[in-house]
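Report on the structure given below.
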Number of protein chains: 2
Amino acid sequence: MKNLEIINTYLRKYKIESVFPEEVQHLLSLDNFAEGEVICSQGQLAKNLYILVEGKIKVYTTSAEGRTLILSFKNPVEIIGDIEYIRGIDIINTVEAVSAVSMISVPYAVLKKYAKDHAPLLNFLLDIITEKFQLKNSSLTFNLFYPVEVRLASYLLSVSSQEMESPDGEKGSMVHIRDAANLIGTSYRHVNRVIQKFLADGLIERQRGSIYVKSREGLKRLAGDNIYE
Amino acid sequence: MKNLEIINTYLRKYKIESVFPEEVQHLLSLDNFAEGEVICSQGQLAKNLYILVEGKIKVYTTSAEGRTLILSFKNPVEIIGDIEYIRGIDIINTVEAVSAVSMISVPYAVLKKYAKDHAPLLNFLLDIITEKFQLKNSSLTFNLFYPVEVRLASYLLSVSSQEMESPDGEKGSMVHIRDAANLIGTSYRHVNRVIQKFLADGLIERQRGSIYVKSREGLKRLAGDNIYE
DNA sequence: GATAGGAAAGGACATATGTCCTAAAAATCA
DNA sequence: TGATTTTTAGGACATATGTCCTTTCCTATC
């Protein structure tokens, strides 16, 4: 199967065939990334708009002091490079493939030439970006209002339910402790402390760097209704 | 001067005459709010898109437990209700007039009918929303990476420089301590502690609930380059 | 001007979180 | 298999921040 066909299959699958005008459709390309590969790096010049159509990615930022903060994990459909396209700025956050990943990409130049005023694209971007905004808004308030214990409970709930949906089988709701710490914005050490508490209460089990959820009910009690998003 | 004329003056002033199509222009109205008045409340049904054209507003959210977090202060031009319009959701945050405020308002119904695919409006919204997103993104990372001392220094820098620009005269760079605490997401008590430190170092002066900046240089040293936005 | 009421500042203590280091466990390699 | 290295878990202590309460200072009022 040719790339163009694959691309069209994805566009149909996610019902975004009409997002790009004719002239642009031919100029879409399909980029594949291996697990662990960096898709784009904070601070670099942004050139392409990407649409995640297959696999899972991780978006994170690194502080001047070298600390890492995971901003989100994303599954299809998701857009990367949208903010940078519109604002004309360098890449804000680093994006890395967590599994094998396929992305449809379009150069900014093409979009600027053929799709600057293409309402379907603009509406699509608005939709995606407002969703991102809302998510970011809730994480901000959530992080400032609640302690790590609540945030971790909430994160475990959100991740474990998502994993359920994907046909991952036994590995099911495994969560890497280091990821959790970086996502919540706290130290590995402190997450470990909280984990001990959860363990003592029989809410989770631990296995070599990973957690899996035993009692969603118990976690819900801790998290209140404050599930991520 | 008729409202319509005033509205047109503002549209010209902020160079957004072409954002709305003809049919919508006639349906714009001008709403005025007194200092302290609530413009829209978290959780309510959203009905209008607002454009802030005069005065200063405060956007904040309240947690289930009743704690308040100030998300931002905004000056013209700013849009309120954009996310809600696009996503079709209830109002996310409460917005309150800090000074006397004028806003141009348009019912969602009008926009949906006449401007759903009006590229200038869509591009305008994209511009505003991506800016908001970026700001929120930086506050999130900033809040998670740095302690209150750094955040307060950074906030004081950002506010005092903005105030300079406005012709406020002597009151210049006065900052309310309670506002600062709520914006930074910490307790009044703790901000007070940090203030004592700043006072001891001669960075600021205090006067009955307000701070004013004495040494931007000193604060900069504390904040690193991490000025808000 | 004296006084009551309310807002602002600060003290004392508890809790949350970070840093640094050590112990335990697993993985790697000879 | 045993030794070495790497990764993970946890201990000890320091710092950051929250809560509650007391004190201090302003301001309005008579």
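Chain identifiers are assigned alphabetically (A, B, ...) following the order of the sequence lines, protein sequences preceding nucleic acid strands; residue numbering begins at 1 within each chain. Only a predicted model underlies this, so the values are computations on that prediction, with no experimental measurement involved. Atom set for the values below is all heavy atoms of this structure, side chains included, hydrogens, waters and symmetry mates excluded.
When the nucleotides C:dA16, D:dG18, C:dA9 are ranked by their closest atom to the side chain of B:S187, D:dG18 comes out on top.
Rounded to a whole Å, the CZ atom of A:R151 is 10 Å from the C1' atom of C:dA16. Protein atom CZ of A:R189 is 7 Å distant from nucleotide atom P of D:dG11, rounded to whole Å. Rounding to whole angstrom units, CZ of residue B:R178 and C1' of C:dA7 are separated by 7 Å. One interatomic measurement links the two molecules: NE2 of B:H190 to C1' of C:dT17, which rounds to 12 Å at whole-angstrom precision. Rounded to an integer number of Å, the gap from B:N192 CG to D:dT19 P is 15 Å. Atoms CD1 (A:I211) and P (D:dA9) sit 9 Å apart, rounded to a whole Å. Following rounding to the nearest Å, B:E149 (CD) and D:dT17 (P) show an atom-to-atom distance of 9 Å. Per the geometry, CD belonging to B:E205 stands 17 Å off C1' belonging to C:dA9, to the nearest Å.
In this structure, a donor-acceptor pair under 3.5 Å is present between the side chains of A:S29 and A:S105. Under the 3.5 Å distance criterion, with hydrogens and angles disregarded, no donor-acceptor pair is assigned to the side chains of B:Y108 and B:E84. In summary, the side chains of A:Y212 and A:Q207 do not present any donor paired with an acceptor at a separation below 3.5 Å, with no hydrogens or angles considered.
A cation-pi arrangement, defined by a distance under 6.0 Å to the six-membered ring centre and an angle within 45 degrees of its axis, is absent between B:R151 and B:Y146.
Residue A:Q196 places at least one side-chain N or O under 4.0 Å from the OP1 or OP2 atom of D:dG10. Using a 4.0 Å cut-off, some side-chain N or O of B:R206 falls inside it from OP1 or OP2 of C:dA9. For A:Y188, a side-chain nitrogen or oxygen approaches OP1 or OP2 of D:dA9 to under 4.0 Å.
Toward the 5′ end of DNA chain D lies the nearest nucleotide of A:L199, the other residue of the pair A:L144 and A:L199 mapping further downstream.
Judged by distance alone, with hydrogens and angles left aside, B:R193 brings a side-chain donor or acceptor within reach of the base of D:dG18, the pair sitting under 3.5 Å.
Residue-level contact check: A:I177 touches the backbone only, with heavy atoms under 4.0 Å from sugar-phosphate atoms and none from bases.
Shortest non-hydrogen contact noted between A:L69 and A:N182 is CD1-O, 3.0 Å.
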